Colleague: 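Structure provided below as structure tokens; questions to follow.
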Protein chains: 2
Amino acid sequence: MTKETNPLIRKLGASIRLSGEERTVLTDLTRTRRRFASGKEIIHEGDTEHRAFVLLEGWVSSFKILRDGSRQIVDFQIAGDFIGMRSVLLRTVDHNVEPITDIVAASIHLDEVMELFSSQPRVAAAMMWALSADEAIVVERLVSVGRRHALERVAHFLLEMRARLRLVGMGRQQSFPCPLTQYHLADALGLSAVHVNRVLRQLREDTGVTFRGGVVKFGNIDRAMETANCDMGYLDHGGLILE
Amino acid sequence: MTKETNPLIRKLGASIRLSGEERTVLTDLTRTRRRFASGKEIIHEGDTEHRAFVLLEGWVSSFKILRDGSRQIVDFQIAGDFIGMRSVLLRTVDHNVEPITDIVAASIHLDEVMELFSSQPRVAAAMMWALSADEAIVVERLVSVGRRHALERVAHFLLEMRARLRLVGMGRQQSFPCPLTQYHLADALGLSAVHVNRVLRQLREDTGVTFRGGVVKFGNIDRAMETANCDMGYLDHGGLILE
DNA sequence: CGGGGCGTTGAAGGAACTCAACTCTTGTGG
DNA sequence: CCACAAGAGTTGAGTTCCTTCAACGCCCCG
């Protein structure tokens, strides 16, 4: 088997063993590719036209804006992740999506997905599995923001991104590329940017983690894990239960 | 049409117009009923045996426990809500579920749901719609915990529960039954119980909202809405987009 | 070379927490 | 029927974590 370059296939392949036909279906599904520039919102809260995508390259953030202008980032998406699926069945879109980098995404049509459920139930189940895993990430973020201290929150987040990226073959054991700013961290973790900065410094001093120049490096993974006070179990779902 | 008493049918009926046959299917799905006592966990984190339910009577909480013993409640479920669906496709269950009151629930088997997708695609879509709406609630809670002050958070939460209960025909314009304690509020909203108590007092003085004796009463809904700084749009999904 | 985005640091203030004591209610068993 | 315990709610005092405000440095790009 050649090394898989389609990140969706790579990701779903982690949950079930995909047949040749199933790979073809997924390849077809991600055929209509489109580029979007960083910083230009592709989905807006309140839209009635629903758009869903599979992200193939780059990073995006999904977020909500409050009346007072503050922002809560719900999650970041990386290659292989779905975008906008959560509200695709609802009347109006309930969040915004903005590329953090320039991205390549494949647009998904609701009809295609519905069709998939009857023609390719295994693939559909694998999609549901991936969406469940995405939801688990949001839930874990809620736990972080609700009950963890800033230091734990940041350490936990960086380890989470490391694990997610490795799942789609990006990043290494001790580091990963990361286009986020400290403002992104702040808005994702319910902190102020100033405090994120201070916490990053402490994290650097304590565990050798650096967040600079678009790269996150871990000096000592174990110490970072300890600081995060977490085992990342919710990310390693170990394949779809159907298999 | 007689007044619907099955809360699942009532809820899904809000998203699509259900045919007689579809109602029958849903009635069958919720036929195997079981009682559980309050306080006795019915789903545990780490379980490999997966159980999903539809809640028919009572309230439950879904939560995670951290190493230090603190608890983050992810969401409460009320009549008509699904329980445990999020991790039903994952290898291990990633959260705990505990009845807050004595409950009646119908257990759902994965096979039945899979079957539903091929035999009753409209019903399946309605189920997905409901699960999307549930996820929207979790996302909105993340926004609350991340970016709203305690007073807004509590006001917002009480208004949210009011809206959810009305959707399944429980509670009134100005009040609803609520078996939660201040500790539940605290753990759901990322606050301490002591602070919840103070905030409830302020809310009572400001807007006439009372939280006592198992009942929440709103003195002045509009002022409460103002305090919550929110429009509840994410709850009113106005039916499935397919229709 | 000037501006803007991002990062860094200090100082001061505030929102929420912890600790601790006390009250109120409820249920239960003597 | 009362005593008592356990759970829930209330309040005060002191503390901590995090925020806000403000200033400044860096670096890249137009």
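We name chains A, B, ... by the order of the sequence lines, and we start the count at 1 in each one. Treat the numbers as computed from the prediction; the structure is a model and nothing was measured.
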Colleague: List every contact pair, protein side and nucleotides 26-30 of chain D side both N or O, where the distance is under 3.5 Å.
Modeller:
none

Colleague: How long is the line joining CD1 of B:Ile100 and P of D:dA8, in whole Å?
Modeller: 11 Å
Colleague: Going by number, which of residues 149-161 of chain A have a non-hydrogen atom under 4.0 Å from DNA chain D?
Modeller: A:His149, A:Ala150
Colleague: Using a cut-off of strictly less than 4.0 Å, decide whether A:Gln182 has a side-chain nitrogen or oxygen near OP1 or OP2 of C:dT8.
Modeller: yes
Colleague: With sequence neighbours left out, write down each residue that passes side-chain contact (heavy atoms from CB on, under 4.5 Å) with B:Asp68, or none if nothing qualifies.
Modeller: B:Leu66, B:Ser70
Colleague: Under 3.5 Å, is there a donor-acceptor pair linking the side chains of A:Thr30 and A:Asn6?
Modeller: yes
Colleague: What is the distance, to the nearest angstrom, from the CG atom on A:Leu180 to the P atom on C:dC6?
Modeller: 12 Å
Colleague: Whole Å only: how far is the CG atom of B:Asp68 from the C1' atom of C:dT18?
Modeller: 14 Å
Colleague: Atom CZ in B:Arg162, atom SG in B:Cys178: separation rounded to 0.5 Å?
Modeller: 14.0 Å
Colleague: Atom pairs, N/O to N/O, protein against nucleotides 21-29 of chain C, distance under 3.5 Å?
Modeller:
none

Colleague: Please give, in whole Å, the distance from C:dG7 C1' to A:Leu203 CG?
Modeller: 16 Å
Colleague: For B:Arg71, what residues pass the salt bridge (Lys or Arg N to Asp or Glu O under 4.0 Å) criterion, not counting sequence neighbours?
Modeller: B:Asp187
Colleague: Kindly write out the residues that satisfy side-chain contact (heavy atoms from CB on, under 4.5 Å) with A:Pro177, not counting sequence neighbours, or none if the list is empty.
Modeller: none
Colleague: Salt bridge or not for B:Arg141 and B:Glu160, using N-O below 4.0 Å?
Modeller: yes
Colleague: Can B:Glu152 and B:Thr227 be counted as having a side-chain donor-acceptor contact under 3.5 angstrom?
Modeller: no
Colleague: For residues 97-107 of chain A, which side-chain donor-acceptor pairs fall under 3.5 Å, sequence neighbours excluded?
Modeller:
unit_1: A:Thr101; atom_1: OG1; unit_2: A:Trp59; atom_2: N; d: 3.0
unit_1: A:Asp102; atom_1: OD1; unit_2: A:Ser38; atom_2: N; d: 2.9

Colleague: Taking C-beta and beyond as the side chain, do A:Arg147 and A:Leu142 meet within less than 4.5 Å on heavy atoms?
Modeller: no
Colleague: Tell me every residue that passes side-chain hydrogen bond (donor to acceptor under 3.5 Å, both in side chains) with B:Thr181, counting only those two or more places apart in sequence or in another chain.
Modeller: B:His184
Colleague: side-chain contact (heavy atoms from CB on, under 4.5 Å) with B:Gln174: which residues, sequence neighbours excluded?
Modeller: B:Phe218, B:Ile221
Colleague: Quick check on D:dT11: is either OP1 or OP2 less than 4.0 Å from any side-chain nitrogen or oxygen of B:Arg201?
Modeller: yes
Colleague: Near DNA chain C, counting only heavy atoms under 4.0 Å, which residues of residues 190-200 of chain B show up?
Modeller: B:Gly190, B:Leu191, B:Ser192, B:Val194, B:His195, B:Arg198
Colleague: Going by side-chain contact (heavy atoms from CB on, under 4.5 Å), name the residues that satisfy it together with B:Gln182, two or more places apart in sequence or in a different chain.
Modeller: B:Val196, B:Asn197, B:Leu200, B:Phe211
Colleague: Could you give the CG-to-P distance, from A:Leu189 to D:dC17, as a whole number of Å?
Modeller: 18 Å
Colleague: Show me, pair by pair, the donor-acceptor contacts under 3.5 angstrom made by side chains of residues 48-58 of chain B, not counting sequence neighbours?
Modeller:
unit_1: B:His50; atom_1: ND1; unit_2: B:Thr48; atom_2: O; d: 2.8
unit_1: B:His50; atom_1: NE2; unit_2: B:Ser87; atom_2: O; d: 3.2
unit_1: B:His50; atom_1: NE2; unit_2: B:Leu90; atom_2: O; d: 2.4
unit_1: B:His50; atom_1: NE2; unit_2: B:Arg91; atom_2: O; d: 3.4
unit_1: B:Arg51; atom_1: NH2; unit_2: B:Ile42; atom_2: O; d: 2.8

